[in-house]
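Here's the structure we're looking at; comments come further down.
Order of the sequence lines sets the chain letters (A, B, ...), proteins ahead of strands, with each chain counted from 1. Being a predicted model, the structure only gives us computed values, none of them experimental.
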Number of protein chains: 2
Amino acid sequence: MNVTIYDVAREANVSMATVSRVVNGNPNVKPVTRKKVLDVINQLGYRPNAVARGLASKRTTTVGVIIPDISNVFYAELARGIEDIATMYKYNIILSSSDENEDKELQVLNTLLGKQVDGIIYMGEKITDQLQEEFDRSPAPVVLAGAVDLENKLASVNIDYLEATKSAVKRFADNGRKRIAFVSGSLEEPVNRELKLEGYKQALKEAGLSFDESLIVESDYNYDAGVKAWQELSKLAQKPDAVIASEDELAIGILNAALDEGVNVPEELEVMTSNNTKLTLMSRPQLSTIVQPLYDIGAVAMRLLTKLMTNEEVDERTVILPHSEKLRGSTKQ
Amino acid sequence: MNVTIYDVAREANVSMATVSRVVNGNPNVKPVTRKKVLDVINQLGYRPNAVARGLASKRTTTVGVIIPDISNVFYAELARGIEDIATMYKYNIILSSSDENEDKELQVLNTLLGKQVDGIIYMGEKITDQLQEEFDRSPAPVVLAGAVDLENKLASVNIDYLEATKSAVKRFADNGRKRIAFVSGSLEEPVNRELKLEGYKQALKEAGLSFDESLIVESDYNYDAGVKAWQELSKLAQKPDAVIASEDELAIGILNAALDEGVNVPEELEVMTSNNTKLTLMSRPQLSTIVQPLYDIGAVAMRLLTKLMTNEEVDERTVILPHSEKLRGSTKQ
DNA sequence: TTGAAAGCGCTAACAA
DNA sequence: TTGTTAGCGCTTTCAA
């Protein structure tokens with residue numbers, strides 16, 4: 001049998017309540033008593049049972065993190081920021097993969113709430129109506145990290161995806177590019193359709209370039225999808241002379257596929273990506289990119305969540321972090 | 001107030017025990033009763049409280065995962081295997097970063113045990129004596145994933161690192177390479193010193209090549225460390241004509257640094273890495289590599305842990321998965 | 001500054 | 001097949 005608070009109390013000749021106070025750093029304990037209790041705790045090797053504590057106090061100091069794919073570096077870097085700040089505030093993280101699958105997301109959310117997490121961090125692009133409903137009735141506060149809620153009902157931390165994309169595309173236009181391709185994830189996802197694609201369109205318009213549907217590719221967030229995307233683009237009668245990709249693995253797939261075809265980068269083709277994960281340094285040429293402060297997005301999201309969980313005053317539930325651009329070999333400076 | 005099992009019982013005119021039976025799929029319930037209870041559950045939106053359940057049953061269906069760095073693709077791919085199998089067996093995962101820091105590892109382990117996890121998966125290379133002690137007295141079973149315990153006290157899943165390294169180095173020798181460099185993480189870590197380096201030495205010996213200390217570089221598991229490692233190696237009077245690196249980011253750093261110096265790969269320099277993460281496809285040329293079944297290592301480790309947690313018979317606590325080699329552009333075939 | 005005691009929501013004998 | 005009841009280990013009033 002494990003040693004419990006009761007064992008400590010008996011051994012130290014105090015009540016459970018006093019032991020509890022000592023363990024929880026309650027100041028209302030005489031120093032002598034505290035020392036006595038602490039000694040017994042060490043001697044017995046007592047370790048508080050967080051489950052019992054959770055049941056009694058209704059706080060588990062655990063937050064649920066819903067992540068589409070942990071092996072995607074974008075999400076992994078967000079997760080690092082989340083984890084660090086969680087640790088700083090003494091929370092633990094239950095990490096659950098959603099695989100971008102709606103049913104699994106709902107199910108995962110339910111399990112998390114059943115485990116009485118104090119809060120939820122959601123990464124992932126699409127928030128279905130049903131998910132939104134569940135979030136609404138969730139007893140635990142929810143924060144989106146690196147994701148947007150166009151209806152602004154949920155707390156979230158991200159960057160201005162429209163402006164970021166627009167500015168990247170504008171740069172291409174300023175460099176004299178005429179056939180700028182846009183490769184993103186599913187356009188059913190609001191962030192892609194309403195923000196990134198919209199930014200792309202606005203930039204084209206302002207540069208006096210016409211919109212060409214065939215330069216828009218709905219792809220997926222992995223390397224192979226990038227290779228396929230390029231194969232599709234290079235079949236065009238008028239090939240693109242620039243590509244903006246919404247994710248780094250995808251971008252490297254595009255870049256490498258083009259290089260393997262003998263395309264000269266950045267002379268004939270400029271490539272820009274969107275996340276500035278460490279992958280952008282690993283390609284040759286290295287990838288120019290929109291800079292999202294990934295670690296910070298995760299960290300700020302978690303910090304925001306801690307405030308929500310402890311009912312602290314929060315002045316802004318939608319945090320837009322600054323973005324920038326980093327130019328490397330895949331674009332002309 | 002949340003709806004509890006008691007509310008359901010009252011509303012359905014049965015006892016708590018019956019509700020509990022229905023929720024837990026206990027067959028000893030009359031179908032009519034079951035339906036009645038299920039209806040009330042739906043109607044009230046009852047969701048079992050896993051914390052209370054954990055306290056009463058002494059099982060939390062949660063496992064702790066200690067990971068050095070979630071943003072390292074090697075660990076992330078292991079984690080995916082772990083998570084998938086955990087989900088399959090209805091376990092959740094508390095993910096905790098250790099940052100390869102001994103104190104943090106101990107502290108994280110303690111927190112995890114306080115949360116009454118049913119089991120622990122540990123990734124990370126070095127198991128200090130103190131950590132080993134804690135594992136020994138842990139009430140929850142422990143499995144190492146992608147890590148070795150040379151003393152064979154802990155359950156673990158990995159590959160034969162000695163043979164894998166030996167065979168890769170032998171290949172270099174067979175290709176006529178004479179100056180084969182070995183770049184790994186800290187040689188204080190048993191897996192590097194006793195297995196990988198040992199395999200390297202054995203291969204050299206069998207090939208009749210002499211061991212040269214200056215070709216051994218203790219590095220770190222990231223891109224910049226790889227760049228530095230190459231800078232060191234290229235300063236040698238007699239430069240290496242092949243490199244075996246123990247981690248993929250590291251390998252890409254080496255590869256790119258060499259390429260940037262104008263070294264011809266694979267003609268002048270062959271590079272081989274060890275993990276076959278998806279990163280190996282992203283470099284140009286693509287990296288030849290030892291193939292570790294990363295996802296499987298994670299998956300098998302988790303599966304093994306489920307057995308340990310439910311006291312199932314386990315015939316082999318040390319699982320050595322098969323490895324192979326994948327040759328790509330960074331080596332001559 | 002301390003203690004007594006009533007839960008927290010559930011499981012698991014045990015009895016019926 | 002169902003119900004009763006005693007915990008699980010802790011927090012949290014409330015009273016002293």
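- Rounded to an integer number of Å, the gap from NZ of B/K36 to P of D/dT1 is 14 Å.
- A heavy atom closer than 4.0 Å to some atom of DNA chain C occurs in B/Y46, B/P48, B/N49, these being the qualifying members of residues 39-49 of chain B.
- When atom types are taken as modelled, the side chain of B/N26 and the backbone of B/N28 share a donor-acceptor pair closer than 3.5 angstrom.
- Against DNA chain C, the stretch residues 18-29 of chain A makes heavy-atom approaches under 4.0 Å through A/T18, A/R21, A/N28, A/V29.
- Judged purely by atom type and a 3.5 angstrom limit, B/S138 has no side-chain atom pairing as donor or acceptor with the backbone of B/E134.
- Taking the six-membered ring for Trp and the full ring otherwise, B/F74 and B/Y221 have centroids separated by 6.0 Å or more.
- The distance between atom NZ of B/K58 and atom C1' of D/dG7, rounded to the nearest whole Å, is 9 Å.
- Each of C/dT1, D/dC8, D/dT4 was ranked by its minimum atom distance to the side chain of B/A56; first place goes to D/dC8.
- Distance CD1 (A/I5) to C1' (D/dT11): 8 Å, rounded to an integer number of Å.
- Proximity of a side-chain donor or acceptor of A/D7 to a complementary backbone N or O of A/T4 within less than 3.5 Å is detected.
- Between the C1' atom of C/dC8 and the CD atom of A/Q116 lies a distance of 10 Å, rounded to the nearest Å.
- Judged purely by distance below 3.5 Å, without hydrogens or angles, the side chains of B/E188 and B/S186 never pair a donor atom with an acceptor atom.
- Residue A/K115 contributes atom NZ, which lies 16 Å from atom C1' of C/dG9 at whole-angstrom precision.
- In this structure, a donor-acceptor pair under 3.5 Å is absent between the side chains of B/T62 and B/K115.
- Atom CG of B/N2 and atom C1' of C/dC10 are 14 Å apart (whole Å).
- Inter-axis angle, ends of the helix from C/dT1-D/dA16 to C/dA16-D/dT1, five pairs per end, rounded to 10 degrees: 30°.
- Looking at A/R47, its side chain never comes within 3.5 Å of a backbone N or O of B/T111 through a donor-acceptor pair.
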